[in-house]
Undergrad: 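Can you read through this structure? Questions will come right after.
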Amino acid sequence: MIKLNGIAASYSDEILLIGLEIAPFPTRRSLETSIPLRAGAIYIGYSYEPRPIKATFALHGKSAERNAELAHALAVWASGDKAQQLIVDETPDRYYLAETESIDEIDYAEQFPELRIQFKCMNPFAYSLESREALPGDTFYYHGDVETEPVIQYIPAADVQGATWRLNDRQMEITEQQTIPSGHTILVDCANKIVTDNGDSTIMKHLSLYSDWLRIRPGANTFQGAEGSKLQYRECYL
């Protein structure tokens with residue numbers, strides 16, 4: 001069975017998943033450049049075609065009327081106004097961000113009519129359900145297939161002048177000209193290329209021009225940084 005937001009479809013005893021097609025990782029489509037809110041760097045990113053997942057269900061309603069009810073329940077379950085977490089039993093430790101793209105028309109009078117739903121993944125990667133953490137000084141093993149970009153949460157216990165974090169060969173630094181007050185929450189969101197101080201992004205003007213947004217790579221990774229920091233990430237899979 002597949003689940004949407006972790007909840008199986010209603011009438012699952014009469015709805016049988018008989019086929020599942022997850023398209024291979026799509027080819028990189030185009031090159032995009034963006035300039036962040038601080039000077040001195042240009043970031044290069046790539047865009048991808050959506051990744052389809054096709055699920056085929058056999059309806060066991062034993063009558064045209066009942067099969068129509070089952071198909072309607074399945075369509076309601078699958079549809080939504082925004083991308084949802086699509087969880088597949090074959091890989092219950094991960095999810096896809098997906099939305100319904102199409103639902104086939106079927107003949108409800110057939111003995112076991114087959115209904116196919118195609119989901120469109122907004123992101124070509126699957127993500128681990130469990131969020132993972134690392135503390136300064138930790139060397140941790142990343143099991144994902146592709147690099148991912150973490151979030152750093154930093155809450156200093158006393159007023160400090162600047163802060164530095166290192167992950168493998170990359171470093172992020174808030175210069176010593178910026179005082180970070182005790183108890184403030186600094187979030188370094190490497191995926192979205194933004195740093196906030198209690199939700200305020202003006203701290204970005206105090207990033208060192210030599211900073212690189214951190215990336216976690218497959219295999220062993222070593223995290224270093226100011227005491228009171230925590231690295232948060234999800235593993236990503238092709």
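These figures come from a predicted structure and were not determined experimentally. Values below: all heavy atoms of this structure, side chains included; hydrogens, waters and symmetry mates excluded.
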Undergrad: Not counting sequence neighbours, which residues clear salt bridge (Lys or Arg N to Asp or Glu O under 4.0 Å) with Asp145? List them please.
TA: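 Per chain and number, Asp145 pairs via salt bridge (Lys or Arg N to Asp or Glu O under 4.0 Å) with no residue.
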Undergrad: Run the numbers on Thr175 and Gln177 for side chain to side chain donor-acceptor pair (under 3.5 Å), then give the verdict.
TA: CA-CA 5 Å; Thr175 64; Gln177 284 73 34; 3.2 Å; yes
Undergrad: Which residues pass the side chain to side chain contact (heavy atoms under 4.5 Å, CB included) test with Asp104, not counting sequence neighbours?
TA: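 Asp104: side chain to side chain contact (heavy atoms under 4.5 Å, CB included) contacts with Arg116.
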Undergrad: Between Asn192 (side chain) and Ile194 (backbone), is there a donor-acceptor pair under 3.5 Å?
TA: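 Looks like no, no N/O pair under 3.5 Å.
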Undergrad: Using modelled atom types only, decide if a donor and an acceptor are shared between the side chain of Asp138 and the backbone of Leu135 within a distance under 3.5 Å.
TA: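 A pair under 3.5 Å: yes.
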Undergrad: Any pair with a residue in residues 147-156 that passes side-chain hydrogen bond (donor to acceptor under 3.5 Å, both in side chains), sequence neighbours left out, goes on the list, sorted by first then second residue, please.
TA: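 Residue pairs passing side-chain hydrogen bond (donor to acceptor under 3.5 Å, both in side chains), neighbours aside: Glu149-Lys193.
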Undergrad: Can you see whether Thr179 engages Gln161 through a side-chain donor-acceptor pair at a distance of less than 3.5 angstrom?
TA: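 Gln161 and Thr179 do have a side-chain donor-acceptor pair below 3.5 Å.
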Undergrad: With sequence neighbours left out, which residue pairs that include part of residues 217-230 fulfil the side-chain hydrogen bond (donor to acceptor under 3.5 Å, both in side chains) condition?
TA: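 Passing the test, one end in residues 217-230: Thr139-Thr222, Trp165-Ser229, Asn168-Asn221.
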Undergrad: Suppose we screen for salt bridge (Lys or Arg N to Asp or Glu O under 4.0 Å). Which residues come up paired with Glu235, at least two apart in sequence or across chains?
TA: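 Glu235: salt bridge (Lys or Arg N to Asp or Glu O under 4.0 Å) contacts with Arg132.
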Undergrad: Donor-acceptor check, side chain of Ser128 to backbone of Glu130, threshold 3.5 angstrom: yes or no?
TA: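 Flag set: sc Ser128 to bb Glu130 pair under 3.5 Å.
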Undergrad: Starting from Phe112 and following side-chain heavy-atom contacts under 4.5 Å between hydrophobic residues (I, L, V, M, F, W, Y), which residues can be reached?
TA: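 Other cluster members: none.
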Undergrad: For the pair Tyr142 (side chain) and Val146 (backbone), establish whether a donor and an acceptor sit closer than 3.5 Å, ignoring hydrogens and angles.
TA: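 Confirmed, Tyr142 side chain pairs with Val146 backbone.
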